[in-house]
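Report on the following structure.
Predicted, not measured: the structure shown is a model, and the values here were computed from it. The basis for the numbers below is simple: all heavy atoms, side chains too, and nothing from hydrogens, waters or symmetry mates. Quick note on labels: first sequence line is chain A, next is B, and so on, each numbered from 1.
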2 protein chains.
Amino acid sequence: MEDKLFDYISRYMIVSEEEKKAIIDLDIFRNYKKGTILLTEGQQSDDGYFVIKGCIRCYYIIDGEEKTTAFYPESETLAPLCSVNKKPSEYYVSCVEDSILIVSNPEMEKTIFERFPRFETLCRILSEELLAKNQASFDGFKTSTPEQRYLNLLKTRPDLLQRVPQYQIASYLGIEPQSLSRIRKRLVK
Amino acid sequence: MEDKLFDYISRYMIVSEEEKKAIIDLDIFRNYKKGTILLTEGQQSDDGYFVIKGCIRCYYIIDGEEKTTAFYPESETLAPLCSVNKKPSEYYVSCVEDSILIVSNPEMEKTIFERFPRFETLCRILSEELLAKNQASFDGFKTSTPEQRYLNLLKTRPDLLQRVPQYQIASYLGIEPQSLSRIRKRLVK
DNA sequence: CTCCTTTTTTAACTTAAGTGAACGAAATGA
DNA sequence: TCATTTCGTTCACTTAAGTTAAAAAAGGAG
């Protein structure tokens, strides 16, 4: 289980046994059942998530309708806005499947960073990377039609379409479920 | 001129005179004329930008058409994807106006972080903040219609509409210039 | 297996954005 | 200053997404 985390980190640096032990000793692995709500609108939480297994999802409820904006499957990280700006959350976070997550918070990060400053460098670099990638997806979204967005999803994250209901994919693509159904129909021929 | 930078940083921490001097000694302030292209498609650069004065813009050229995806006015930061993933850039960066920028690169960051580790913490926190905010804008974009996006821009960044040509705003909103013209007409009544 | 709920598809109709073209206004530059 | 390019608006037409409603299909619970 720890391996998923260290495999991920090993793409950036070699982690010593001492460091591994320190992280495991934090006891940050958590199991959640499918459907568990990790964060609710209006709630303030400092927690950040790294997905070891399973998948989590962000969604808003706007005029009574669920609007899904992001999915985080294995090896992805979510630091909700409310954990950064210390304000109540505008969105929900829930588990799409039974999941194992690392749940971190600023205090434990501080503990680790003080003992192993290399980890703060790692987190800085990871954030910079994630930011640049998020901007690139946003760019792709802006410059594409709904159909192109769907095709791109099919190419880059085909797994998602298997794991997640279509109506959630639809709002993730910025359209209504009926439109996604239509696009799929259009494409099969 | 330095003040713009230190005013910005002072929202996060108190900067000592020694630290200020070290940063100023890096000699990282640069002047650019309106229209200067800072980064070209296909180019690889390590540079990151902090806007002291003026405004910079990111755009793609897709099928011969400019597609603007982002603006960075005073006190905003741009770390292009190519500076993070070390690959050739897919987009251009140019100056919307005569601008004064801080141009940084990984080596000088390393120099500063080694001497003043607090600055790495600052950069980590800033990246985390920027990431969360970028995600929030992306969410807002996905869950809005073009008209709502325009109204939101009008509310949150009215200055942009004065500083930037309409056709650039249009692609920033994910639509064609004609559609933006139509939306504006629709709204005046 | 059956019933009930959720999800997906279909359809008809409405609305708004894309497209291509034309025109005038504004900005640019020689 | 005049000529030229660029920009914003308008129009007519096309295309695709939103909306509302209903039916079909799939999934889960008992």
Heavy-atom protein contacts under 4.0 Å, nucleotides 13-29 of chain D, coded B base, S sugar-phosphate only, - none: ---SBBBBB--------

Transitive ILVMFWY side-chain link A/I37 to A/Y60, under 4.5 Å: no

Hydrophobic cluster identity match, B/I52 and B/F119, side-chain contacts under 4.5 Å: yes

Neighbour count above 12 (heavy atom, 6.0 Å) for A/K86 NZ: yes

Within residues 153-189 of chain A or reaching into it, pairs that qualify as ring pair (Phe, Tyr, Trp, His ring centres under 6.0 Å) - sequence neighbours excluded: A/F71-A/Y172

Residues B/E120, A/T121; criterion side-chain hydrogen bond (donor to acceptor under 3.5 Å, both in side chains); working and verdict: CA-CA 7 Å; B/E120 179 151 33; A/T121 303; 3.1 Å; yes

All ring pair (Phe, Tyr, Trp, His ring centres under 6.0 Å) counterparts of A/Y150, not counting sequence neighbours: none

A/Y59: partners by ring pair (Phe, Tyr, Trp, His ring centres under 6.0 Å), with sequence neighbours left out: A/Y92

Lys/Arg N to Asp/Glu carboxylate O, A/E41 vs A/K87, below 4.0 Å: no

For DNA chain C, the residues among residues 157-170 of chain A that have a non-hydrogen atom under 4.0 Å from it: A/P165, A/Q166, A/Y167

Contacting residues from residues 57-67 of chain A, given that a heavy atom lies under 4.0 angstrom of DNA chain C: none

Heavy-atom side-chain contact between A/F138 and B/F141 under 4.5 Å: yes

Any residue meeting salt bridge (charged side-chain N to carboxylate O under 4.0 Å, His left out) with B/K34, in chain and number order, not counting sequence neighbours: none

Contact list for residues 88-104 of chain A, test salt bridge (Lys or Arg N to Asp or Glu O under 4.0 Å), sequence neighbours left out: A/K33-A/D98, A/E97-A/R163

Using distance only, find each side-chain donor-acceptor pair of residues 101-109 of chain B under 3.5 Å and give its atom names and separation, not counting sequence neighbours.
residue, atom, partner, partner atom, Å
B/S104, OG, B/E109, OE2, 3.4
B/N105, OD1, B/E107, N, 3.1
B/N105, OD1, B/M108, N, 3.2

Helix axis bend for the helix from C/dC1-D/dG30 to C/dA30-D/dT1 - C1'-based end axes, five pairs, 10° rounding: 60°

Identify the pairs formed between an N or O of the protein and an N or O of nucleotides 22-25 of chain C at a distance under 3.5 Å, and give each distance.
none

A/R57 side-chain N/O to A/V96 backbone N/O, donor-acceptor pair under 3.5 Å: no

Sidechain-backbone polar pair: A/E19 side chain, A/S16 backbone, donor-acceptor under 3.5 Å: yes

Quick one: side chains of residues 23-30 of chain A, donor-acceptor pairs under 3.5 Å with protein atoms, not counting sequence neighbours, listed by atom name and distance.
residue, atom, partner, partner atom, Å
A/D25, OD2, A/K21, NZ, 2.8
A/R30, NH1, A/D27, O, 3.3
A/R30, NH2, A/D27, O, 3.4

